[in-house]
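Encoded as structure tokens, the structure appears first; notes follow it.
What you see below is based on every heavy atom in this structure, not just the backbone, and it leaves out hydrogens, waters and symmetry mates.
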Amino acid sequence: MNVYFISGLGADERVFAKLKLDPRLNVKYIKWVRPLKKESLQHYAARLSKQIDTSQPFQLVGLSFGGVVASEIADIACPEQVTLISSMSTGVPLSKFYQVMIRFLLMSPLSVPLLKSANRITYNYFGADTPELKKLLKKILHDTDGKFLKWALVRMSGWDRKDRVENLFHIHGTADKLIPILIVKPDIIIEGGGHLMVYAQADQISKILNHRLTTIHSPE
């Protein structure tokens, strides 16, 4: 079974480096591409879906913003299952006021340097509480394309999906500060899991993923 992993905002497969996945899974990583000017999330997801071999059964695993994109790809490519980690399965309602405020703040020339800076605040919100996690997050933020980051934040804030896609499984941590557990409805909860639990608590996440990804056709 092909399993396509989609990382979080601007990140790459480094965030999945600690996972120990079943060798029966043919793991592939979706590569982010630069969004077109004023491109919708749905159109962007359609372009990313071209990296998937839809002639064979496959599954999607999406982390954070990658989970949002995975849900949109699922509308196009029909995976066997979508697994979300530290993400959300439907849009979180934001008032028009907050959406306008987000757009206004991101128009500032100082917004990209601020969003890409690794400091005590970003470490806290991402749950980077060890030297290893801080080093990883600093590298990811440094390598993230600023224009992509601004585009993705605007698209995520305006995401209006009402219903979960079919065959979706959501893993979320109780200590996630970027996407608080109170605003999502996960299928399984990781106690003390932060936004980077896929790396920080990789053994626990690996166990769950190996069970879900290898038993998709098995009866409950």
Side-chain angles (χ1 to χ4, degrees), residues 1-33 45 48-49 51-53 57-74 77 79-89 118 122-123 125-145 148-149 152 156 167-173 175-179 184 186-190 192-216:
M1 172 76 72
N2 290 333
V3 182
Y4 294 86
F5 280 70
I6 310 176
S7 60
L9 275 176
D12 53 32
E13 59 264 30
R14 285 175 292 183
V15 293
F16 302 120
K18 293 280 189 177
L19 294 176
K20 299 175 182 177
L21 299 173
D22 193 302
R24 291 174 293 175
L25 299 171
N26 186 22
V27 176
K28 299 175 182 290
Y29 299 100
I30 298 290
K31 305 293 184 182
W32 294 115
V33 298
L48 281 193
S49 69
Q51 299 179 38
I52 298 172
D53 179 5
F58 70 94
Q59 298 184 59
L60 293 174
V61 177
L63 171 69
S64 190
F65 180 65
V68 172
V69 173
S71 289
E72 293 300 322
I73 291 178
E80 297 289 309
Q81 179 176 237
V82 177
T83 301
L84 305 184
I85 306 171
S86 306
S87 187
M88 50 192 190
S89 58
T122 53
Y123 290 149
Y125 272 90
F126 278 91
D129 54 4
T130 67
E132 185 178 15
L133 276 173
K134 289 177 181 178
K135 183 178 180 181
L136 174 67
L137 180 59
K138 186 175 183 179
K139 287 183 177 179
I140 289 173
L141 290 173
H142 177 269
D143 295 342
T144 299
D145 180 83
F148 171 80
L149 182 59
M156 197 169 182
N167 302 320
L168 183 141
F169 185 75
H170 184 177
I171 309 167
H172 212 84
D176 194 320
K177 294 181 179 179
L178 277 184
I179 304 178
V184 294
D187 298 290
I188 191 165
I189 295 171
I190 306 299
H195 199 66
L196 292 176
M197 65 180 184
V198 71
Y199 193 92
Q201 293 169 257
D203 288 345
Q204 192 173 358
I205 302 300
S206 295
K207 185 177 180 180
I208 297 168
L209 287 177
N210 285 330
H211 173 70
R212 294 296 307 186
L213 299 177
T214 60
T215 58
I216 182 63

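- Salt-bridge formation is not detected for the pair Asp187/Arg212: no Lys NZ or Arg NE/NH1/NH2 atom is positioned less than 4.0 Å from an Asp or Glu carboxylate oxygen.
- Shortest non-hydrogen contact noted between Glu72 and Ala45 is CB-CB, 3.6 Å.
- At a threshold of 4.5 Å between non-hydrogen side-chain atoms, the residues Leu60 and Ile52 count as touching.
- Contact detail for Asp145 and Phe148: the closest heavy-atom pair is OD2-N, 2.8 Å.
- Side-chain contact between Ser71 and Leu168 is present, with heavy atoms from C-beta onward closer than 4.5 Å.
- Side-chain contact check for Glu80 and Gln59: no donor-acceptor pair (N or O, by modelled atom type) lies under 3.5 Å.
- Counting all heavy atoms, side chain and backbone alike, Ser64 lies closest to Gly8 at CB-CA, 4.1 Å.
- Contact check for Leu19 versus Phe5: side-chain heavy atoms found under the 4.5 Å cut-off.
- Taking CD1 from Ile85 and CE from Met197, the interatomic distance works out to 6.5 Å, rounded to the nearest 0.5 Å.
- Separation of atoms CD1 (Ile6) and CG (Asp12) is listed at 14.0 Å; rounding is to 0.5 Å.
- Using a 4.0 Å cut-off between a side-chain N of Lys or Arg and a carboxylate O of Asp or Glu, Lys31 and Glu13 qualify as a salt bridge.
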**Prompt:** Phe16 and Leu21: side chain to side chain contact (heavy atoms under 4.5 Å, CB included), yes or no, with the steps?
**Reply:** CA-CA 10 Å; Phe16 302 120; Leu21 299 173; over 6 Å; no

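- To the nearest 0.5 angstrom, Lys28 atom NZ is 9.5 Å from Ile30 atom CD1.
- Counting heavy atoms from C-beta outward, Arg14 and Asp143 have side chains that approach closer than 4.5 Å.
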**Message:** Evaluate Ser89 against Val184 for side chain to side chain contact (heavy atoms under 4.5 Å, CB included), listing each step before the verdict.
**Reply:** CA-CA 7 Å; Ser89 58; Val184 294; over 6 Å; no

**Item:** Audit row: Val61, Val27, side chain to side chain contact (heavy atoms under 4.5 Å, CB included) steps and yes/no
**Value:** CA-CA 10 Å; Val61 177; Val27 176; over 6 Å; no

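- Side chain of Tyr123 to backbone of Leu133: no donor-acceptor contact under 3.5 angstrom is found.
- In this structure, His195 and Phe126 have perpendicular ring planes: the angle between them is above 60°, well past the 30° mark.
- Residues meeting the ring pair (Phe, Tyr, Trp, His ring centres under 6.0 Å) test with Phe65, sequence neighbours left out: Trp32.
- When atom types are taken as modelled, the side chain of Asp22 and the backbone of Asn210 share no donor-acceptor pair closer than 3.5 angstrom.
- Here CD1 of Ile208 is found 3.5 Å from CD1 of Ile190. Values are rounded to the nearest 0.5 Å.
- Summarising the geometry of Ser86 relative to Gly194, their closest heavy-atom pair is OG-O, 3.9 Å, with the distance given to 0.1 Å.
- The CD1 atom of Ile73 lies 8.0 Å from the CD atom of Gln51; values are rounded to the nearest 0.5 Å.
- Considering only heavy atoms from C-beta on, Ile140 stays 4.5 Å or farther from Leu9 through its side chain.
- Scanning all heavy atoms of the two residues, the minimum distance from Leu137 to Ala128 falls at CD2-CB, 4.1 Å.
- Of the possible donor and acceptor atoms, one in the side chain of His170 sits under 3.5 Å from a partner among the backbone N and O of Ser87.
- Interatomic distance, NE2 of His142 versus NZ of Lys139, reported as 11.0 Å (0.5 Å rounding).
- Contact annotation: the side chain of Glu132 approaches that of Lys18 to within less than 4.5 Å [non-hydrogen atoms, C-beta and beyond].
- A pairwise comparison of heavy atoms in Ile188 and Phe169 identifies CG2-CZ, 3.7 Å as the closest pair.
- Residues Gln81 and Leu213 have side chains in contact (heavy-atom distance under 4.5 Å, counting atoms from C-beta outward).
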